[in-house]
Novice: 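Please find one structure pasted underneath; my questions will follow.
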Amino acid sequence: MGFHDLHHGDRPLLLPNAWDFASGAALADAGFAAIGTTSLGVAAAAGKPDAAGRTRAETVALARALSRLPVPVSVDVEGGFSTRAPDVADLVAELASFGVAGINLEDGRADGTLAPLDHQTAVIAAVKRAAPHVFLNARTDTLWLGGPDRGETLRRTRAYAEAGADGVFVPGIADDADITAVLDAAPVPLNVLLLPGRTEYERLARLGVHRVSTGSLLFRTALRTAVVTALGVAGGEGADRPVPSYADVQALLQGGGR
């Protein structure tokens, strides 16, 4: 089944997010129908902060490697590593040449603001012209950046769909009414981020969500497992250590770790 078709099944596509070839290969071997990437994991593996637009080379290299997998691959390209629409379009065309099936393109910027709506729709349109067969998952950070604004979320998801996006992604959305509102507003598949205890897969399935992604959760859980295992070798305490948060990992990368 093609990657586009996986968004229209009887159940939401559960898309686990890898951070290197080994994690992607292991997830494919476990039977997942498609694999995504996590920009935090890719950046952290390179010793760089996430969402700063500094991991273009690492993202392209990983995409090339993951394209060897026997399942469709979707690549998180942050904001496209450029503010110029032609540059972003060229990047996605390059990924398409490897056989990448989808991308995740966000409107959040490193300074905590959102890209102007007209600019982002122009980028989406340029990408679709350059790589029409790549599934463009248009992410809006209206909720992720802290301000719960349903009106702006609906305005952006609708505009991104009209500009040619194949799906929309609203990380941080969890309320039933908000999810239903986006499903009604944008006539394309909706992707929701798995938030343990807040966005359970079965509830999202009942609401009609099309895709559920794990984001950085698997990478952060792997970090915890590595530390706990290492502590346990010498009988150290560590079983009660929590999974590090997104902010915890970013602090590590900026030299602020404990």
Novice: Give me the one residue out of T121, D166, D107 that meets side chain to side chain donor-acceptor pair (under 3.5 Å) with Y160.
Specialist: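 Going through the options one by one, the only one that passes is D107.
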Novice: Could you give me the CA-CA distance, side-chain angles and deciding distance for F169 and L193, then say whether side chain to side chain contact (heavy atoms under 4.5 Å, CB included) is met?
Specialist: CA-CA 8 Å; F169 180 26; L193 179 66; 3.9 Å; yes
Novice: G102 and V100: which non-hydrogen atoms are nearest, and at how many Å?
Specialist: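 For G102 versus V100, the nearest heavy atoms are O-CG1, 3.2 Å.
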Novice: Between T180 (side chain only) and A177 (backbone N and O only), is there a donor and an acceptor less than 3.5 Å apart?
Specialist: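 No, because the side chain of T180 does not come within donor-acceptor range (under 3.5 Å) of the backbone of A177.
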Novice: Determine whether F21 and L69 make a side-chain contact, defined as any pair of heavy atoms from C-beta on separated by less than 4.5 Å.
Specialist: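 They are in contact (side-chain heavy atoms under 4.5 Å apart), so the answer is yes.
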Novice: Can any side-chain N or O of T229 pair as donor or acceptor with the backbone N or O of A226 at less than 3.5 Å?
Specialist: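 No; judged by distance alone, with no hydrogens or angles, the pair does not exist.
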Novice: Tell me if a side-chain donor or acceptor on Q120 pairs with a main-chain N or O of E106 at a distance below 3.5 Å.
Specialist: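 Flag set: sc Q120 to bb E106 pair under 3.5 Å.
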Novice: Rounded to the nearest 0.5 Å, how far does CG of L114 lie from NE2 of H119?
Specialist: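 Result: 12.0 Å between the selected atoms.
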Novice: Is D141 salt-bridged to R109, going by a charged N under 4.0 Å from an acidic O?
Specialist: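 No.
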Novice: Would a distance-only check, ignoring hydrogens and angles, find a side-chain to backbone donor-acceptor pair under 3.5 Å from Q250 to P49?
Specialist: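 Absent.
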Novice: Does L13 belong to the same Ile/Leu/Val/Met/Phe/Trp/Tyr cluster as L136, with side-chain heavy atoms less than 4.5 Å apart forming each link?
Specialist: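 Different hydrophobic clusters.
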Novice: Less than 4.5 Å apart, side chain to side chain, heavy atoms only: is that true for D178 and T153?
Specialist: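 When only atoms from C-beta onward are counted, T153 and D178 do not touch, as no gap falls below 4.5 Å.
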Novice: Regarding T142 and D149, is there a side-chain donor-to-acceptor distance under 3.5 Å anywhere?
Specialist: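 No, D149 and T142 have no side-chain donor paired with an acceptor closer than 3.5 Å.
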Novice: What closest approach, in Å, do D87 and S82 show between heavy atoms, and which atom pair accounts for it?
Specialist: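 The answer is OD2-OG, 2.9 Å.
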Novice: Salt-bridge test for D248 and R220: reply yes if a basic N is under 4.0 Å from a carboxylate O, no otherwise.
Specialist: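 Salt bridge between D248 and R220, a charged N being under 4.0 Å from a carboxylate O: no.
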Novice: Would you say H133 has more than 12 foreign heavy atoms packed within less than 6.0 Å of its NE2?
Specialist: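 Atom NE2 in H133 is not packed in, count stays at 12 or less.
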Novice: Atom CG of residue position D111 - does it have more than 12 heavy atoms of other residues, nucleotides or ligands inside 6.0 Å?
Specialist: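 Yes.
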Novice: State the CG-OG distance between N137 and S74, to the nearest 0.5 angstrom.
Specialist: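 Interatomic distance, N137 CG to S74 OG, rounded to 0.5 Å: 6.5 Å.
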Novice: With a 3.5 Å cut-off and sequence neighbours excluded, list the donor-acceptor pairs that the side chains of residues 55-62 form with protein atoms.
Specialist:
{"unit_1": "E58", "atom_1": "OE2", "unit_2": "K48", "atom_2": "NZ", "d": "2.9"}
{"unit_1": "T59", "atom_1": "OG1", "unit_2": "T55", "atom_2": "O", "d": "2.8"}

Novice: Among V77, V134, I103, which one satisfies side-chain contact (heavy atoms from CB on, under 4.5 Å) with V127?
Specialist: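 So the option named by the test is I103.
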Novice: Salt bridge check: are E78 and R139 linked by an N-O gap of less than 4.0 Å?
Specialist: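 Judged by the 4.0 Å cut-off on N to carboxylate O distance, E78 and R139 do not form a salt bridge.
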Novice: A185 and L154: which non-hydrogen atoms are nearest, and at how many Å?
Specialist: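 Smallest interatomic distance, heavy atoms only, reads CB-CD2, 3.8 Å.
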Novice: What pairs meet the ring-ring contact (aromatic ring centres under 6.0 Å, His included) rule with one or both residues in residues 77-103, with sequence neighbours excluded?
Specialist: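 Sorted result for residues 77-103: empty, none.
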Novice: Of all heavy-atom pairs between A44 and F219, which one has the smallest distance, and what is that distance?
Specialist: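 Scanning both residues, the minimum pair turns out to be CB-CZ, 3.5 Å.
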Novice: Looking at NE2 of H7 and CG of L15, how far apart are the two atoms once the value is rounded to the nearest 0.5 Å?
Specialist: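 The NE2 atom of H7 sits 7.0 Å away from the CG atom of L15.
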Novice: If Ile, Leu, Val, Met, Phe, Trp and Tyr residues are connected whenever their side-chain heavy atoms lie under 4.5 Å apart, and connections chain through other members, are L195 and L207 in the same group?
Specialist: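 No; L207 is not reachable from L195 via cluster members.
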Novice: What class does the angle between the rings of F3 and F135 fall in, given that below 30° is parallel, 30 to 60° is tilted and above 60° is perpendicular?
Specialist: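 F3 and F135: perpendicular rings.
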Novice: Can you check whether V75 reaches N104 side chain to side chain, under 4.5 Å on heavy atoms?
Specialist: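 Sidechains of N104 and V75: no contact.
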Novice: Taking the side chain as C-beta and beyond, is there a heavy-atom pair between W19 and T37 under 4.5 Å?
Specialist: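 A side-chain contact under 4.5 Å is absent here.
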Novice: Using every non-hydrogen atom in the two residues, find where G108 and L145 come nearest and quote the distance to one decimal.
Specialist: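 That closest heavy-atom pairing would be CA-CD1, 4.4 Å.
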Novice: Before giving the answer on side chain to side chain contact (heavy atoms under 4.5 Å, CB included), spell out for T140 and E152 the whole-Å C-alpha distance, their side-chain angles and the decisive distance to 0.1 Å.
Specialist: CA-CA 10 Å; T140 183; E152 184 64 12; over 6 Å; no
Novice: Heavy atoms, side chains only, cut-off 4.5 Å: are L204 and I179 in contact?
Specialist: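 Answer yes - side chains close enough.
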Novice: Which is it for L218 and N17 under the side chain to side chain contact (heavy atoms under 4.5 Å, CB included) test, yes or no, and what are the steps along the way?
Specialist: CA-CA 7 Å; L218 304 184; N17 298 84; 5.6 Å; no
Novice: As a quick check of understanding, evaluate side chain to side chain contact (heavy atoms under 4.5 Å, CB included) for H210 and L183, giving each step before the final call.
Specialist: CA-CA 9 Å; H210 305 83; L183 287 167; 3.7 Å; yes
Novice: Same hydrophobic cluster for V42 and L27, using side-chain heavy-atom links shorter than 4.5 Å among ILVMFWY?
Specialist: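 Yes; L27 is reachable from V42 via cluster members.
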Novice: With the 4.5 Å side-chain cut-off for hydrophobic clustering, are F32 and M1 part of the same group?
Specialist: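 The answer is no; the residues belong to distinct hydrophobic clusters.
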Novice: Are the side chains of P244 and R224 in touch, meaning some heavy atoms are under 4.5 Å apart?
Specialist: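 Result yes, sub-4.5 Å side-chain heavy-atom pair found.
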Novice: Can you tell me how far apart CG (D175) and CD1 (I173) are? Round to the nearest 0.5 Å.
Specialist: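 Nearest 0.5 Å value for the CG-CD1 distance: 8.0 Å.
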Novice: Which atom pair, heavy atoms only, marks the closest approach of P72 to L6?
Specialist: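 It is CG-CD1, 4.5 Å.
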Novice: According to a 4.5 Å side-chain heavy-atom criterion applied to Ile, Leu, Val, Met, Phe, Trp and Tyr, with indirect links allowed, do I35 and L194 form part of one hydrophobic cluster?
Specialist: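 Per the 4.5 Å side-chain linkage, I35 and L194 are co-clustered.
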